[in-house]
Trainee: 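Let me give you the structure first, and then I'll get to my questions.
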Amino acid sequence: MASITATSFSITSFNPTKTTVPGCRISNPRSVFISFKGRTFPPITLQGRVPRFLTCAAKAETVEKVCNIVKKQLALPDTSVVTGESIFSALGADSLDTVEIVMGLEEEFGISVEEESAQSINTVQDAADMIDKLLETKIA
């Protein structure tokens, strides 16, 4: 059970006898104090994090096309979910599959991907960003 008051809140856990036992108190967003069975431990200082998700440069249509090409190249069932965050290796792709995906992308979008660029592609979003960048330079 957690209760929030102003800039602090405390987390309380339950034991089997249904009585509450104090667990953790956060007095401000940067430090955590933990006490267990009457013993208080030194505070833990929390550090800020870099945002995990960055804005996407690629168009949604490009990401969707790349997702479909990846599904086709890896022979994934229609029910499998492939998104911009999908990592090729997590989808079961090995290095040869990745080369075939890049070849499929080159054919679909009429682009040529250099080997260095191809090796930096790990996710669908990486591929879509690279494609949009190549298409922009092709038009200019």
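Because the structure is a prediction, the values reported are computed rather than measured.
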Trainee: Can you sort out the partners of T123 under side chain to side chain donor-acceptor pair (under 3.5 Å), two or more places apart, ordered by chain and number?
Mentor: D126
Trainee: Check side chain to side chain contact (heavy atoms under 4.5 Å, CB included) between E100 and all other residues, then give those that pass, not counting sequence neighbours.
Mentor: Q73, L96, D97
Trainee: So, for G84 and C67, which heavy atoms are closest and what is the spacing to 0.1 Å?
Mentor: N-SG, 4.5 Å
Trainee: Does K59 have any side chain to side chain contact (heavy atoms under 4.5 Å, CB included) partners at least two apart in sequence or in another chain, and if so, which?
Mentor: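 Partners of K59 by the side chain to side chain contact (heavy atoms under 4.5 Å, CB included) criterion, ordered by chain and then number, come out as E61, T62, D132.
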Trainee: If I take atom CG from residue L91 and atom NZ from residue K71, how far apart are they, to the nearest 0.5 angstrom?
Mentor: 10.0 Å
Trainee: Taking the side chain as everything from C-beta on, heavy atoms only, tell me whether I101 gets closer than 4.5 Å to L74.
Mentor: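 A side-chain contact exists here, since the closest heavy-atom pair is under 4.5 Å.
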Trainee: Looking at every non-hydrogen atom in both residues, tell me the closest pair between T98 and A93 and how far apart they are.
Mentor: OG1-CB, 4.3 Å
Trainee: Which residues satisfy the side chain to side chain contact (heavy atoms under 4.5 Å, CB included) test with T83, sequence neighbours excluded?
Mentor: V81, E85, S86
Trainee: Do the side-chain N and O atoms of E64 and N68 include a donor-acceptor pair separated by under 3.5 angstrom?
Mentor: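 Result is no, nothing qualifies.
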Trainee: How many angstroms lie between atom CD1 of I131 and atom CZ of F109, to the nearest 0.5 angstrom?
Mentor: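 The CD1 atom of I131 sits 4.5 Å away from the CZ atom of F109.
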Trainee: What is the minimum heavy-atom distance between A118 and V113, and which atoms define it?
Mentor: N-CG1, 3.8 Å
Trainee: Which heavy-atom pair separates A58 from D129 by the least distance, and what is that distance?
Mentor: N-OD1, 3.0 Å
Trainee: For residues 106-122, which residue pairs qualify under side-chain hydrogen bond (donor to acceptor under 3.5 Å, both in side chains), counting only residues two or more places apart or in two chains?
Mentor: E115-Q119
Trainee: Any chance you could pull the hydrophobic cluster mates of M103, using side-chain heavy atoms under 4.5 angstrom and chaining through other members?
Mentor: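 V99, listed by chain and number.
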Trainee: Can you tell if the side chain of D94 reaches within under 4.5 Å of the side chain of F88, non-hydrogen atoms only?
Mentor: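 A side-chain contact under 4.5 Å is absent here.
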Trainee: Do you know the tightest heavy-atom contact between L105 and A127?
Mentor: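 Of all heavy-atom pairs spanning L105 and A127, the closest is CD1-CB, 3.9 Å.
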